[in-house]
**Student:** 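Structure in structure tokens, see below.
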Amino acid sequence: MGSFYLTTPIYYASGEPHIGHAYTTILADVLARYRRRAGDDVLFLTGIDEHGQKIQEAAAAQGLSPLELCDLMAGRFEAAWDELGISHDRFIRTTEREHLAVVGALLERLRANGHIYEAEYTGWYSVSQERYFTEKEIGPERVDPIAGGPVVKIREKNWFFRMSRFQERLVRHIEGDPGWIAPAARRNEVLGFLGRPLEDLSISRPRSRIHWGIPLPWDPDQVTYVWVDALTNYVTASGAIDPAAPAAERGFGELRPSRWPADLHLMGKDIITTHAVYWPTLLMGADLPLPRKILAHGWWVVGDTKMSKSIGNVVDPLALRDQFGADAVRWYLMREMSTGQDASYTAERFLTRHDELRNILGNLAHRTLSMIRRYRGGVVPSAPADGLETETAAALEAYRRGLDGYRLHEGFAAAMELARAANGYIETREPWALARQLDRASDLDATLTTLARTLAVLSSLFEPVAPKRSAELARRLGLDRVPLLRELPEVAVAGRQVRVGKPLFPRVDV
RNA sequence: GCCGGAGUAGCUCAGUUGGUCAGAGCAGCGGAAUCAUAAUCCGCGUGUCGGGGGUUCAAGUCCCUCCUCCGGCACCA
């Protein structure tokens, strides 16, 4: 049995879960479920990032302590994930005691290795907003993008990580492993970025300004800035580091038994630099192995404009879920977006994808189960399931190729293609005609058994993307669970008592 | 400015290393069937594969150039 450890970013706890969070998390969930279906022992990690100035301010504004606000937001995220059928194994919070200790241990390791030094940080600071803004945020006008007020260039004491030392090693790593950053376009961007001299990374902020954070072990007047704090969650959850052990035995250099390194870090393309540059160099600095793969996905846009709160065109995945069900939302997101690229959300496309699920797959299940009930008393006949063999084999191969290669849209298209083929098979075989001819009973048996077997295959292929309805389909077929991939296509369906039930994907009147 | 993508049927897009690659789904039109959620199946596309040039026996598929759109160019979760 293989092992697979995958992560989403931890989402910043100052805002409500939105479609960006949902897409990343659903993508991760689909891959996690696929790996489980392929027989792997999976660790699927997600969580929230709870430190920093925004949390501190948002809590104060609501009359809460920072931790009270974080508790509230953790509940919001977990509830959202529950409603979307997310099967994470671990929900990490950066305020957990273990994480605080691991961050401290990592920082001490970096310092012991001689990669940390003290210097002045220079940046554009807005006095009214009490925070720094990036060059990009302030724009050429040099005003703070929130209130439009002035920004000034100021200096303050920070601790820095000698990221620049690792530039060459990182470039060699990326060039030596072409699939390490996917898709290739993002890899090229990172390499382009690394074509210029890499600067060092500021890793702390004065506690006088931001108190809600993890104090540096050697300088309690400074708190850990977001990068080290947030990214380290991946190591914390892996169990690789034991902060309570003596410094030489904590797991750096010599890994303890753990899930590290991660097999896959998933994220939106906006934080590729953080994951493909900051994080690996930090790991190098701490003598930890790098994650095996980094996959940055694209953005959902609405029509041809970017989704944004200010425009008011944000699509709420939970509202869609209320109307169509979690599986339909998941199907749309996975099937419609070419993994890695941007895609456009439109209500029309959503409905088309939902119709596909309902008419091609849902109706296939319903008509098949109805015929087994009508013609064979609800029991799958014991006959050779010798139809659709070519189509099934082709679908399985394309499906695995798509999911293994992180082209989920292609993999799931192959699954839906099999459902289309099964509908065609019904038309060709005309079971209703066979049922009228007593001497064709064995042909009808073979037809119905083939269809039942194909539905069992489909329940397995669709499980990662539509877990609830696929499990229900398996139950309707009289199976006690959704089959694993290695059990396909030979699933023992003969003799099973089926149940027709209500349509799997009911018609939704809009 | 530098770097990198994309431009294929009305719409959304597939098209690995050049040779059934001119395709799929949706929409539209016509037909079949009745097991089924007015669901399904079959048939129908004269598309300059953004423009131009080049390499080759052969190019959406490689090279050059032009046009249009988009993305990246660090302390932003």
Side-chain angles (χ1 to χ4, degrees), chain A residues 9-15 20-21 48-52 54-55 94 121 123 131-137 145 158 160-161 163 183-196 198-203 205 225-227 229-231 267-274 277-278 298-299 301 304 335-336 338 341-344 346 348-349 351-353 355-356 358-360 362-375 401 405 407 409-410 413 416-417 419-435 447-448 451 500 502-508:
Chain A
I10 48 174
Y11 307 114
Y12 200 53
S14 71
H21 302 134
I48 56 175
D49 173 10
E50 306 189 312
H51 288 129
K54 275 192 196 168
I55 298 289
T94 53
Y121 177 80
R131 58 161 285 193
Y132 283 101
F133 288 103
T134 64
E135 290 273 356
K136 199 189 295 179
E137 284 175 314
N158 278 186
F160 283 76
F161 164 59
M163 188 160 69
R186 297 271 98 79
R187 174 175 178 270
N188 291 340
E189 283 176 9
V190 173
L191 280 173
F193 174 78
L194 290 169
R196 296 169 180 279
L198 193 58
E199 290 173 17
D200 290 338
L201 185 69
S202 160
I203 59 158
R205 291 291 183 269
Y225 190 51
V226 59
W227 311 125
D229 184 345
L231 292 164
M267 76 227 58
K269 63 182 183 182
D270 55 324
I271 49 176
I272 182 71
T273 307
T274 317
V277 179
Y278 300 179
W299 286 125
V301 297
D304 52 7
R335 181 66 190 82
E336 188 74 357
S338 297
Q341 301 195 247
D342 287 353
S344 164
T346 69
E348 190 185 7
R349 296 291 300 168
L351 292 175
T352 299
R353 288 297 180 197
D355 282 350
E356 181 180 38
R358 173 170 67 93
N359 296 339
I360 307 300
N363 187 46
L364 171 69
H366 204 243
R367 66 197 301 211
T368 296
L369 295 171
S370 295
M371 286 190 285
I372 292 172
R373 177 178 62 185
R374 178 187 288 237
Y375 302 136
R401 193 171 55 237
R407 295 185 303 275
H409 56 296
E410 291 181 16
M416 189 58 85
E417 204 50 47
R420 288 181 194 279
N423 278 313
Y425 175 78
I426 293 177
E427 303 300 324
T428 305
R429 301 285 292 190
E430 298 190 314
W432 48 91
L434 296 176
T447 301
L448 295 178
L451 288 169
V500 179
K502 293 261 194 279
L504 286 176
F505 300 97
R507 190 179 174 75
V508 176

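Chain identifiers are assigned alphabetically (A, B, ...) following the order of the sequence lines, protein sequences preceding nucleic acid strands; residue numbering begins at 1 within each chain. Keep in mind that the numbers below use all heavy atoms, side chains included, and drop hydrogens, waters and symmetry copies.
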**Student:** Could you measure between the two C1' atoms, the one in rU12(B) and the one in rA6(B), and give it in whole Å?
**Tutor:**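 Those two atoms are separated by 15 Å.
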
**Student:** Which is true for I360(A) with a 4.0 Å heavy-atom rule: it touches a base, it touches only sugar-phosphate, or it touches nothing?
**Tutor:**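 Result for I360(A) = sugar-phosphate.
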
**Student:** For M416(A) and rC26(B), what is the distance between atoms CE and C1' respectively, to the nearest whole Å?
**Tutor:**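 In whole Å, rC26(B) C1' lies 13 Å from M416(A) CE.
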
**Student:** Looking at every heavy atom in both W432(A) and M371(A), which two are closest together, and how far apart are they?
**Tutor:**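 Closest pair (atom of W432(A), atom of M371(A), distance): CE3-SD, 4.4 Å.
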
**Student:** Determine the Euclidean distance between corresponding C1' atoms of rC26(B) and rA9(B); express it in Å to zero decimal places.
**Tutor:**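 Going atom to atom, C1' in each nucleotide, I get 12 Å.
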
**Student:** Could you please name the partner base of rU12(B), counting Watson-Crick and G-U wobble pairs only when both distances are under 3.5 Å?
**Tutor:**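 The answer is rA24(B), by the H-bond criterion.
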
**Student:** Taking atom CE of M163(A) and atom CD of E199(A), what is their separation to the nearest 0.5 Å?
**Tutor:**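 If we round to the nearest 0.5 Å, M163(A):CE and E199(A):CD are 8.0 Å apart.
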
**Student:** Taking a pair as Watson-Crick or G-U wobble with both distances under 3.5 Å, which nucleotide is matched to rU68(B)?
**Tutor:**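 Pair assignment: rU68(B) / rA6(B).
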
**Student:** Can you tell me how far CD1 of I426(A) sits from CZ of R367(A), rounded to the nearest 0.5 angstrom?
**Tutor:**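 So the gap between those two atoms works out to 4.0 Å.
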
**Student:** Of all heavy-atom pairs between N158(A) and S202(A), which one has the smallest distance, and what is that distance?
**Tutor:**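 For N158(A) versus S202(A), the nearest heavy atoms are OD1-OG, 2.8 Å.
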
**Student:** Which part of the nucleic acid, if any, lies within reach of T273(A) when heavy atoms closer than 4.0 Å are counted: base, sugar-phosphate only, or nothing?
**Tutor:**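 It contacts nothing in the nucleic acid.
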
**Student:** Which parts of nucleotides 29-34 of chain B does protein reach within less than 4.0 Å, heavy atoms only, written one letter per nucleotide 5' to 3' as B for base, S for sugar-phosphate only and - for none?
**Tutor:** ----SS

**Student:** For I10(A) and A230(A), work out which heavy atoms get closest and say how close.
**Tutor:**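 Closest heavy-atom pair between I10(A) and A230(A): CD1-O, 3.5 Å.
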
**Student:** Using a heavy-atom cut-off of under 4.0 Å over every strand shown, decide if G192(A) touches base, sugar-phosphate, or nothing.
**Tutor:**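 Answer is nothing: G192(A) stays at 4.0 Å or more from every strand.
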
**Student:** Of all the heavy-atom pairs spanning E50(A) and T94(A), show the shortest one and how long it is.
**Tutor:**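 Where E50(A) meets T94(A) most closely, the heavy atoms are N-OG1, 2.8 Å.
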
**Student:** My understanding is that a pair needs two contacts under 3.5 Å, Watson-Crick or G-U wobble. By that rule, which nucleotide pairs with rU61(B)?
**Tutor:**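 WC or wobble partner does not exist here.
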
**Student:** Find the distance E50(A):CD to rA77(B):C1' and express it as a whole number of Å.
**Tutor:**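 It is 12 Å, rounded to the nearest whole Å.
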
**Student:** Suppose we define a pair by two distances each less than 3.5 Å, Watson-Crick or G-U wobble; what does rA74(B) pair with here?
**Tutor:**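 Across any shown strand, rA74(B) pairs with none.
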
**Student:** Could you tell me which nucleotide pairs with rU40(B) by Watson-Crick or G-U wobble geometry, both distances under 3.5 Å, or answer none if nothing does?
**Tutor:**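 Its partner is rA32(B).
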
**Student:** Between N188(A) and D270(A), which is nearer to the 5' end of RNA chain B once each is assigned its nearest nucleotide?
**Tutor:**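 Final value for this comparison: N188(A).
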
**Student:** If you check the E410(A) side chain, which of rC26(B), rG15(B), rA77(B) turns out closest?
**Tutor:**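 So the side chain of E410(A) is nearest to rG15(B).
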
**Student:** Identify whether any heavy atom of M163(A) sits under 4.0 Å from a base atom; if not, whether one sits that close to sugar-phosphate; answer base, sugar-phosphate or nothing.
**Tutor:**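 Base contact - M163(A) has a heavy atom under 4.0 Å of at least one base atom.
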
**Student:** Y425(A) and L451(A): which non-hydrogen atoms are nearest, and at how many Å?
**Tutor:**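 Closest approach of Y425(A) to L451(A): CD2-CD2, 3.7 Å.
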
**Student:** Given the C1' atoms of rC69(B) and rG50(B), what is the spacing between them in whole Å?
**Tutor:**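 Here rC69(B) and rG50(B) have their C1' atoms 11 Å from each other.
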
**Student:** Among rC35(B), rA39(B), rG25(B), which nucleotide sits nearest the side chain of R349(A)?
**Tutor:**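 Nearest listed nucleotide: rG25(B).
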
**Student:** Could you tell me the separation between the NE2 atom of H409(A) and the P atom of rU16(B), rounded to a whole number of Å?
**Tutor:**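 Going from NE2 in H409(A) over to P in rU16(B) covers 12 Å.
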
**Student:** Whole-Å distance between rC76(B) C1' and R205(A) CZ?
**Tutor:**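 The distance from CZ of R205(A) to C1' of rC76(B) comes to 12 Å, rounded to the nearest Å.
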
**Student:** Hey, which of these two, R367(A) or R507(A), hits RNA chain B nearer its 5' end, going by closest nucleotide?
**Tutor:**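 With R367(A) and R507(A) compared, the 5'-side residue is R367(A).
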
**Student:** I'd like the P distance from rG1(B) over to rA14(B), given in whole Å.
**Tutor:**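 Looking at atom P only, rA14(B) and rG1(B) are 29 Å apart.
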
**Student:** What form does the base of rG60(B) take, syn (within 90° of 0) or anti?
**Tutor:**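 The base of rG60(B) is oriented syn (glycosidic angle within 90° of 0).
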
**Student:** Over all strands shown, is H51(A) touching base, sugar-phosphate only, or nothing at heavy-atom distances under 4.0 angstrom?
**Tutor:**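 Since no nucleic acid heavy atom lies under 4.0 Å of H51(A), the category is nothing.
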
**Student:** Could you report the tightest heavy-atom contact between I360(A) and N423(A), atom names first, then the distance?
**Tutor:**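 Closest approach of I360(A) to N423(A): O-ND2, 3.1 Å.
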
